[in-house]
Amino acid sequence: MRKIIIAGNWKMHKTQAESKEFLQGFLPELENTPDEREVVLCVPFTDLAVVSQNLHGSRVRLGAQNVHWEDSGAYTGEISGSMLKEIGTSYVIVGHSERRQYFCETDETVNLRLKAAQNHNLIPILCVGETKAQRDAKKTENVIINQLKQDLVDIDLTKLVVAYEPIWAIGTGDTCEAKEANRVIGLIRAQLDHPDVSIQYGGSVKPGNVDEIMAQPEIDGALVGGASLEPASFARIVNYQ
Ligand code: 13P
């Protein structure tokens with residue numbers, strides 16, 4: 001069944017001390033959050049253990065920002081699914097556009113990482129989305145369908161979240177219009193052809209636009225960068241109306 005999932009992606013922000021301080025402000029704000037909303041924090045690797053400990057007993061699920069496809073080996077700088085699982089991680093972002101753009105991740109490695117996540121019972125959040133140039137050239141649909149086709153080879157759609165993140169809307173304050181995000185997410189849903197996949201929108205989601213975004217029928221949640229760093233602002237997003 002489609003679930004509502006609001007996830008924060010802290011990217012490369014917050015030390016352990018800062019993440020503890022965040023939780024002290026954020027967790028009490030969840031008292032009246034409807035039970036059916038899944039709340040996830042995708043934190044840097046170095047924060048996973050401390051956030052895991054400090055989430056104990058709370059409804060918030062722990063997420064990581066990447067996973068390697070091997071269980072162990074000579075892969076300097078990488079982290080495996082079993083390492084994430086041991087700390088209590090439930091979700092992992094895979095194929096974020098910043099990984100694709102700055103760290104040369106390809107659809108092939110994204111597919112390997114998705115498989116590894118699922119093999120370790122981690123729910124991957126697969127990010128797809130087009131650049132501004134691709135949108136201007138009217139290639140949005142093609143780009144996204146190609147990403148989905150290549151990334152999802154042999155992936156179990158019942159254990160997957162997809163995030164539509166138009167690259168031009170990330171960190172720019174330039175949100176994709178809610179109706180347009182809804183349209184593209186509808187296309188993604190048609191392409192997946194599976195009733196259970198939750199599909200989020202990501203890209204400049206803020207307290208001021210979350211209500212309109214979440215009112216769209218195809219949008220099952222949000223993947224939030226900058227506005228997830230501050231307890232009151234992420235709480236307002238999680239408690240959208
Ligand atoms: P912003 O919310 O800062 O635009 O980031 C979106 C994002 O990349 C989430 O993964």
Side-chain angles (χ1 to χ4, degrees), residues 4-14 18-19 22 26 37-45 47-48 51 60-67 84 89-103 105 110 113-114 117 122-132 134-135 140 143-144 147-148 151 160-178 180-182 184-185 188 198-214 216 219-240:
I4 291 177
I5 304 171
I6 309 288
N9 173 12
W10 282 358
K11 308 192 179 183
M12 196 173 73
H13 292 282
K14 293 198 192 292
E18 288 163 349
S19 54
F22 173 92
F26 178 66
R37 291 184 197 173
E38 181 99 307
V39 182
V40 184
L41 282 172
C42 299
V43 306
F45 292 131
D47 292 339
L48 285 167
V51 172
V60 178
R61 311 289 293 273
L62 185 62
Q65 298 173 14
N66 208 356
V67 60
L84 297 177
T89 310
S90 303
Y91 288 85
V92 60
I93 296 172
V94 174
H96 193 280
S97 60
E98 287 150 15
R99 299 291 324 169
R100 296 179 192 253
Q101 191 180 344
Y102 305 135
F103 303 98
E105 296 217 5
V110 167
R113 292 180 196 272
L114 289 172
L122 294 158
I123 306 267
I125 302 175
L126 166 66
C127 300
V128 295
E130 79 287 2
T131 62
K132 176 88 172 65
Q134 288 164 338
R135 172 159 284 260
T140 299
V143 167
I144 288 168
Q147 284 178 330
L148 292 170
D151 297 350
L160 173 76
V161 175
V162 175
Y164 169 53
E165 296 210 313
I167 296 169
W168 49 272
I170 294 177
T172 56
D174 194 6
T175 327
C176 182
E177 290 262 330
E180 173 60 7
N182 188 66
V184 177
I185 288 176
I188 294 174
S198 296
I199 310 179
Q200 302 172 305
Y201 168 75
S204 296
V205 176
K206 307 275 181 237
N209 59 23
V210 67
D211 298 341
E212 192 192 358
I213 290 167
M214 290 308 299
Q216 304 299 317
I219 303 183
D220 300 321
L223 184 56
V224 186
S228 73
L229 294 172
E230 204 265 306
S233 111
F234 193 46
R236 174 61 184 84
I237 290 172
V238 167
N239 294 319
Y240 70 84

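First listed ligand is number 1; within each ligand, the first listed atom is number 1. Just so it is clear, the values below take in all heavy atoms, side chains as well, and ignore hydrogens, waters and symmetry mates.
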Derivation of the side-chain hydrogen bond (donor to acceptor under 3.5 Å, both in side chains) call for Glu38 and Tyr91: CA-CA 11 Å; Glu38 181 99 307; Tyr91 288 85; 2.5 Å; yes
Distance-only donor-acceptor check, side chains Glu165 and His96, under 3.5 Å: yes
Close approach of Ser97 to ligand 1, heavy atoms, under 4.0 angstrom: no
Close approach of Ala227 to ligand 1, heavy atoms, under 4.0 angstrom: no
For ligand 1, the portion of Asn9 having any non-hydrogen atom under 4.0 Å away: side chain
Side-chain donor-acceptor contact under 3.5 Å, Glu212 with Tyr240: no
Within-shell test, Gly171 vs ligand 1, heavy atom, strictly < 4.0 Å: yes
Residues Lys132, Asp174: salt bridge by 4.0 Å N-O rule: no
Plane angle bin for Phe22 and Phe234 - parallel if under 30°, tilted between 30 and 60°, otherwise perpendicular: tilted
Heavy-atom gap Lys11 to ligand 1 smaller than 4.0 Å: yes
Proximal ligand 1 atoms for Glu165, defined as those under 4.0 Å from one of its heavy atoms: 6 (C), 7 (C), 8 (O), 9 (C), 10 (O)
Distance-minimising heavy-atom pair for Ile237 and Val205: CD1-O, 3.9 Å
Under 4.0 Å to a heavy atom of Gly203 - the qualifying atoms of ligand 1, by number: 4 (O), 6 (C)
Enumerated ligand 1 atoms positioned under 4.0 Å from heavy atoms of Leu223: 9 (C), 10 (O)
